[in-house]
Amino acid sequence: MSSDDQGILWEVFIQVKAGRPYKHVGSLHAYDKEMAMKSARDLYTRRNEGNGIWIVKAEDIVSSEASDGESFFDPSNDKVYRHPTFYKIPDGDKAYLMKNELIDYCLRLGDSSLILSHRIAEYCSKAPILEEDLAITNVGLDLLGQAENFLNYAAKLKGDTTADLLTFKRREGDFRCLHLVQTPNTDFAFILARQFLMDCYHQVLFNKLLNSKDETILGISKKAIKEVNYHLDRSNDWIKRLGLGTKESNKRIQNAINDLWMYTDELFTDNSTDIAIDKNNFGPLSSSLKNDWSDIVVNYFKDFRNRSS
Amino acid sequence: MENERKLEEFQQKIDANIKIEPKDWMPEKYRQTLIRQISQHAHSEIIGMQPEGNWLTRAPSLRAKKILMAKIQDEAGHGLYLYCAAETLGVKREQFLQWLHEGKAKYSSVFNYPTLTWADMGAVGWLVDGAAIVNQVSLQGTSYGPYSRAMVKICMEESFHQRQGFEIMVQLAKGTEEQKQMAQDALNRWWWPSIMMFGPHDSESAHSNQSLKWKIKRESNDELRQRYIDKTIEQGHHLGLTFPDPNLKFNEETKNYDYSPIDWDEFWNVVKGNGPGNKLRINHHIKAHEDGKWVREAAKAYSNKINLSKKTA
Ligand SMILES: [Fe+2]
Ligand SMILES: [Fe+2]
Ligand SMILES: [Fe+2]
C-alpha cells in the first residue's frame, strides 16, 4: 500500500431547488469539512445545479446489506460556455472628457484578472489533489470572465477594437496588469499566497466599486464581488491549512508571502488615472484601499498565528 | 456449492437488469474486471487533460480559452467521479495512482499522441470525445450501480465537448486555405487513433464475452466502433474534409461504412508505452503528484490538529 494520503472520502447530496429532497450525486476526497464543502460546490454545482449541499463522511453512512450565501452558488450562473449569457453594456452617458482614463482603468482591472487567470491555466493538471485542480480552475474561469467584461468595455469605449484584439494583439508593454499577478507558479504556496493577496485586494476594490457612478463598472462589480468573496474564502482556508499544517508547509507559505510582499505596494499607488476616476466617482483611489486591505490580510494572519500557538 | 448458488442468483439479477451495488455479493472476477476497467477509464480522463492543456495558454480567443478551460475541468471531474466509483470496490485512490505511476494500470493510448496545432483541439474534441461518448452512452447501462450513475453524469457533461471540437473544425474547414489544411492534417493524424480507442476486435478481445454476459459492457468493441465510424463520416463530409482511408465505403447491404484493416502493431506499440508520449504523460503526472505531497501532508496534519483541539476542548 502506498504511504500517500488522498484525504477522507465524503458523500455529497445536492438539493436542486428549495423544498426538493436532497439527492446523492457522488463522492469526493477532502481533508476536512471546509474543503469537502467547497470541493462539493466546485465539483457538483459547476452547472448551477444546486441550492443546498449536504456532505457526510462516507464512513459514517450506515448502509444495509443490500445553504450557503449567494457567493456560494451564484458564480456558476454565468459560465457562458455552459449557459450562454453575456453581460450587456448599457449605453449610458459617458463622461467623454475622461474617456482615456476610463479606458486605462478598465484595461488595468481587466489585464490583472486576465494574467492571473492565465497563470492558473498554466497550472492545469498540476494541482496536489484532483479536487483542487477543479476548484482552482473555477477561480481561473471567474477571473477570465471578469477580464472579458472589463476588456469588452474598454474595447467599446475605444471603438474599432474588440476584447480579443486587446488581449492578443497588444504589445507587451501596453499591458496594465499588476506585477503581482505576473509572478510565476513557483509552487503551490506561491500560487496560493498570490491568490490570497489578490483576493483580499479584489474584495476591497469591488466592494468600493459597488458605489461606482459608471453603470457598466457597477454591473461588472456586482457580479465580480460574489465571485471574489468565494475566492477569498477558499484561499483563506488554504492559508490556514498551510500555515498550521506541517513545519514544511508553514515555512513554504511564509516564504511565499515574504517574497510576494514587495509587489503589494503597487496595488495602492495612485496615478493620474486614479485621480480622474476618483474625481468622477467612477471608482476609488488605489491608495484608499490600503487600510481595509491591510486589516483583512493582517487579521487572517493573526487568526492562524493565534491558533498555532 | 454455496458459491454456485450465489453465482446463479447473481446472473439472474443481471439478466433482470437489477443493478449491482457495492455491498452486494459479486464474483471476484466481476469485481476485478470492474476495478481494472473503471480505473483505466478514470486514468484516461486525467491523462487526457494533458494534450489539451498543452493549448490552454495559446487558445486563439477569449471565448475559445474559456471553453477549453471548462472542458478540461470537466475531464478532471469525470476522472474524479470514476475514481470514486472504483473506490466502492474496495481499492483506495492512493492505490490507483500508485498503479498508474508504476505502469501497472493502463489508460487510453490515444492520449499519448501529441497535439501539434490548434486544429488538434478541434480534432480531439470531435473525434476523441466523439468516440468516448459512443462508448460512454452505452456504458450508462452497465450492471454496476456506481459505475452506471457516474456514466449518466459524464454523458450529460460530454455533450458540449464534442460540439466545441466540431465548432473548431468548422471554423478551420471553412476558413482560409491554410486553416483548411490544418484541419485536414489534424483529421489525418487523429482518425486512426480514435478508431483504435474501441480496443481490439471482438475476435481478439480476451475479456469481452464474460463482460457482456455480466453486462459490464453492453455492446462489443466492434459494434461501438462501427456506430462511431458511421456517425463521424457524415460529419466529416459536412466539413468537406477527407478521411485517411481509401477503402472507406458505404456498404448498401449492411448499411454501414466498410473500412481498411486496422494497424494493430501500432496500437499495441502505443498501448505498451513504446512511444515518447507515454513517458511524457506519466512523468508529468508523477511530478505533479510528488510536488503536491507536502500540500497533502499539510492538509492532513491540519485536519488532525482541528480534530484534536475539538476533542480536548
Ligand atoms: Fe470525459
Ligand atoms: Fe470529454
Ligand atoms: Fe475525455
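As a basis for the values below, the full set of heavy atoms in this structure was taken, side chains included, without hydrogen atoms, waters or symmetry mates. This structure is a prediction, so every number in the text was calculated from the model and none was measured.
Contacts of A/Ala147 with chain B are absent, with no heavy-atom separation under 4.5 Å from either backbone or side chain. Looking at A/Thr167, only its side chain comes within 4.5 Å of chain B, counting heavy atoms on both sides. Interface remark: B/Ala42 contributes no atoms to any contact with chain A (heavy atom separation under 4.5 Å). With a 4.5 Å cut-off on non-hydrogen atoms, A/Glu131 touches chain B through its backbone and its side chain both. Contact of A/Leu9 with chain B is made through the side chain alone, with heavy-atom distances under 4.5 Å. Contacts of A/Lys33 with chain B are made by side-chain atoms alone, with heavy-atom separations under 4.5 Å and no backbone atom involved. Residue contact with chain A, scored on non-hydrogen atoms closer than 4.5 Å, is absent for B/Ile20. For B/Leu62, the parts lying near chain A are the backbone and the side chain together; criterion is any non-hydrogen pair under 4.5 Å. B/Lys305 touches chain A through its side chain: at least one heavy atom from C-beta onward sits under 4.5 Å away, while N, CA, C and O do not. Interface residue B/Glu87: only side-chain heavy atoms are found under 4.5 Å from chain A. With a 4.5 Å cut-off on non-hydrogen atoms, B/Pro22 does not touch chain A at all.
Per-residue counts of heavy-atom pairs under 4.5 Å with chain A were compared for B/Ile72, B/Asp291, B/Leu56, B/Asn304; the largest is that of B/Leu56. Listed options B/Ala299, B/Ala288, B/Ala301 were ranked by heavy-atom pairs under 4.5 angstrom with chain A; first place goes to B/Ala299. Across A/Leu28, A/Leu144, A/Leu165, the residue that shares the most heavy-atom pairs under 4.5 angstrom with chain B is A/Leu144. Ranked by non-hydrogen atom pairs under 4.5 Å with chain B, the options A/Asp32, A/Asp164, A/Asp133 are led by A/Asp164. For the set B/Glu297, B/Lys65, B/Gln50, B/Lys293, the count of heavy-atom pairs under 4.5 angstrom toward chain A peaks at B/Lys65. Per-residue heavy-atom pair counts under 4.5 Å with chain B were compared for A/Lys126, A/Glu34, A/Glu122, A/His29, and the maximum is reached by A/His29. Between chain B and the residues A/Ile120, A/Thr246, A/Leu134, A/Thr137, the largest count of heavy-atom pairs under 4.5 Å involves A/Leu134. Among the candidates A/Ile129, A/Leu242, A/Val25, the residue making the largest number of heavy-atom pairs closer than 4.5 Å to chain B is A/Leu242. Annotation: maximal heavy-atom pairing with chain A below 4.5 Å, among B/Arg149, B/His285, B/His284, B/Gln164, occurs at B/His284.
Of the residues listed (B/Glu52, B/Glu157, B/Glu158), the one engaging B/Lys71 in a salt bridge (charged side-chain N to carboxylate O under 4.0 Å, His left out) is B/Glu52, and it is the only one. Of the listed residues (A/Phe190, A/Trp238, A/Tyr300), just one forms a ring-ring contact (aromatic ring centres under 6.0 Å, His included) with A/Phe196, and that residue is A/Tyr300.
Side-chain contact, A/Arg234 with A/Asn138: no donor N or O sits under 3.5 Å from an acceptor N or O. With 3.5 Å as the limit, one finds no donor-acceptor pair spanning the side chains of B/Thr88 and B/Tyr147. Between the side chains of A/Asp142 and A/Gln146, no donor-acceptor pair of N or O atoms lies under 3.5 Å. A donor atom on one side chain and an acceptor atom on the other are found under 3.5 Å apart for B/His43 and B/Tyr83.
The closest side-chain heavy-atom distance from B/Leu7 to B/Trp25 is below 4.5 Å. For the pair B/Ile46/B/Glu75, no side-chain contact is recorded, criterion being any heavy-atom separation below 4.5 Å from C-beta on. For the pair B/Gln136/B/His41, a side-chain contact is recorded, criterion being any heavy-atom separation below 4.5 Å from C-beta on.
In this pair, A/Phe188 and B/Trp294 present their aromatic rings perpendicular. The plane angle is above 60°, beyond the 30 to 60° band.
Smallest separation of non-hydrogen atoms from A/Asp111 and A/Arg176: OD2-N, 2.8 Å. Considering every non-hydrogen atom in both A/Thr45 and A/Arg41, the closest pair reads OG1-O, 2.5 Å.
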